[in-house]
Amino acid sequence: MTRLEVSTQPYPDQKPGTSGLRKRVRVFQQANYLENFVQSIFNSLEGLQGATLVVGGDGRYYNRHAVQVILRMAAANGFGKVMVGRGGLLSTPAASCVIRKYATFGGIILSASHNPAGENGDFGIKYNIGNGGPAPEKITEAMYAESKKISRYLTLDTPDVDLDSIATLQLGDMQVEVIDPVSDYADLMQSLFDFDRIHALINSGIFSMRFDGMHAITGPYAAEIFETRLGATPDTLMNAEPKEDFGGGHPDPNLVYARELVEVMFGANAPDFGAASDGDGDRNMILGRKFFVTPSDSLAVLAANAHLTPGYRLGLAGIARSMPTSQAADRVANRLGIELYETPTGWKFFGNLLDAGKATICGEESFGTGSNHVREKDGLWAVLFWLNLLAVRRESVQDIVTSHWHAYGRNYYSRHDYEGVDADGAGQLVDALRKLNGNLTGKRYADYEVAFSDDFAYTDPVDGSISEHQGIRVGFTDGSRIVFRLSGTGTEGATLRVYLERYEADPDKQGLDAQDALSELIRIAEEVAGIKHHTGRQAPTVIT
Ligand code: G1P
Ligand code: ZN
């Protein structure tokens with residue numbers, strides 16, 4: 001077995017985005033493209049000699065190939081051991097769980113989350129540090145810097161490793177441990193939630209549920225947890241067979257892309273509870289019978305009821321939410337007398353707060369919820385949390401949410417996405433908004449008066465690091481908000497996200513459709529930003 005030093009040329013576009021490096025599969029298939037980035041990761045790490053790395057991905061096209069490349073390169077770069085999920089699989093939260101449980105040096109996760117997969121789809125790679133969470137910006141910047149000056153990578157001249165059975169193998173001087181991708185994660189879930197009570201609910205004869213795996217990674221996890229451990233019947237699971245192209249779908253659990261589940265949940269004889277997860281298992285959508293729970297409300301409800309679950313019965317240290325996420329959780333934090341942290345978009349900003357014990361539960365409006373049990377958002381965790389609440393409270397999803405609104409007020413909320421628009425136009429829109437900042441204060445738009453407008457900047461309360469330009473906020477005197485930002489995860493053109501929020505304290509006025517309740521703010525967003533002019537679009541592509 002020979003160690004090879006292969007010479008290579010830098011690619012200029014290997015800057016990690018909101019969640020690692022995401023590109024078309026075809027981009028990753030360019031000569032040495034993947035190898036360059038993997039070597040850049042390794043070059044930016046200190047102390048990897050003899051250390052243990054976790055590797056796994058969401059099973060999309062190119063996953064198997066990439067795992068083999070990474071194994072050879074990890075061995076050639078001096079890692080002592082790689083723990084890899086059978087078949088090269090690990091959901092994102094399961095990878096985080098394994099990194100933490102076995103106190104490994106870090107991990108590489110192969111995923112482009114919910115982006116479509118297959119030869120013409122997307123692929124992605126990201127590095128997680130020893131706390132199980134995404135590498136902070138300091139490290140991703142270092143990787144990018146390495147990628148711009150790379151001249152050689154290290155690998156071994158060896159055949160592929162057999163990843164399909166649980167075994168411990170040798171690859172050069174490195175050990176490869178093929179692990180069950182599901183069991184450690186399922187054990188963790190069982191330690192946090194009352195499985196006996198959920199089992200009783202699911203088998204009570206008066207409760208029915210559906211979980212949609214969207215042909216992505218969560219199918220095997222859901223089968224083990226819901227069927228084997230919680231006694232659900234097999235018809236509980238939809239699309240539970242993972243596929244390399246995700247069945248041609250777009251596994252993003254929202255009202256648009258999880259249409260099959262939505263039709264069941266809004267159809268005749270709808271089940272009591274429905275949920276879906278995304279490509280790599282970190283997102284979740286929660287539905288009741290003919291009822292959609294916005295992710296922002298879900299975060300608030302989970303936080304307010306956390307004491308009803310074994311894992312959180314002692315209470316929460318604090319709650320963290322990304323800036324564009326609605327302020328519903330703020331009201332819960334306020335009532336609980338705990339701190340609320342507002343961070344930039346992206347899970348990596350929660351890591352320090354969780355590590356420092358400042359926050360216990362975190363969430364994003366983009367269908368992401370999680371806690372300090374791992375350092376990623378966690379789709380099945382949120383589903384089990386809801387099931388635990390339903391098992392204890394024995395009320396419907398809709399009743400739980402509406403009684404929450406009665407108690408705390410309702411934050412009407414919606415996000416409008418303009419996907420794949422011209423990058424220049426989108427850039428101009430944001431630049432123009434930046435110029436307006438500060439000058440809007442006091443300006444009236446119909447019933448609304450601007451209280452402040454700024455470009456959100458965040459100072460991490462733990463390490464003092466500063467992240468600027470995280471989204472333009474326009475806040476109104478009644479607490480309503482419009483937020484504009486450009487996506488950092490897209491692979492084609494630009495995606496403009498417009499986040500809209502309005503607070504309603506009066507229970508008699510909490511029953512509106514969110515788009516109706518927000519119609520005035522939607523109009524103001526157009527007036528302030530000139531969306532149609534800059535994007536050339538008359539309407540958003542996705543409304544959630
Ligand atoms: C999107 C979401 C963000 C999430 C990220 C990774 O990022 O908005 O909340 O953390 O995906 O799942 P964006 O495309 O907006 O940069
Ligand atoms: Zn995801």
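The model shown is predicted, which means the values in this text are computed figures rather than measured ones. Start at 1 and go down the list; that is how both ligands and their atoms are numbered. For reference, positions follow the sequence shown, starting with 1.
- Using a 4.5 Å cut-off on side-chain heavy atoms (C-beta onward), Gln327 and Arg481 make contact.
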Inset, instruction - Could you walk me through whether Ser44 and Tyr127 pass side chain to side chain contact (heavy atoms under 4.5 Å, CB included), step by step? - result: CA-CA 11 Å; Ser44 64; Tyr127 181 73; over 6 Å; no
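- Of all protein heavy atoms, the one lying nearest to atom 6 (C) of ligand 1 is Lys377 NZ, 3.5 Å.
- A side-chain hydrogen bond (donor to acceptor under 3.5 Å, both in side chains) with Arg283 holds for exactly one of Thr369, Thr92, Thr218, Asp252; it is Asp252.
- Checked against a 6.0 Å centroid threshold, the rings of Tyr341 and Phe349 do not count as neighbours.
- Looking only at N/O/S atoms, Asp282 comes nearest to the Zn ion (ligand 2) through OD1.
- In terms of protein heavy-atom proximity, atom 2 (C) of ligand 1 is closest to Ser366 OG, 3.5 Å.
- Here the side chain of Thr360 pairs no donor or acceptor atom with the backbone of Leu316 at under 3.5 angstrom.
- The N/O atoms of Thr345, backbone and side chain alike, include none that comes under 3.5 Å of an N/O atom in ligand 1.
- Across Gly363, Ser19, Gly488, Gly471, heavy-atom proximity to atom 13 (P) of ligand 1 is greatest for Gly488.
- Closest to atom 7 (O) of ligand 1 among all protein heavy atoms lies Thr489 CG2, 3.5 Å.
- Inclusion of Ser487 in the set of residues having an N or O under 3.5 Å from an N or O of ligand 1 is warranted.
- When OD2 of Asp278 and OG of Ser113 are joined through the Zn ion (ligand 2), the resulting angle is 90° to the nearest 10°.
- Taking the six-membered ring where the residue is Trp, the centroids of His215 and Phe246 are separated by 6.0 Å or more.
- With a 6.0 Å cutoff to the six-membered ring centre and a 45° limit on the axis angle, Lys348 does not count as a cation-pi contact of Phe350.
- In terms of distance to the Zn ion (ligand 2), the nearest N, O or S atom of Asp280 is named OD1.
- Considering each of Glu365, Arg283, Arg415, the one bringing a non-hydrogen atom nearest atom 11 (O) of ligand 1 is Arg283.
- In this structure, atom 10 (O) of ligand 1 lies nearest to the protein heavy atom Glu364 OE1, 2.6 Å.
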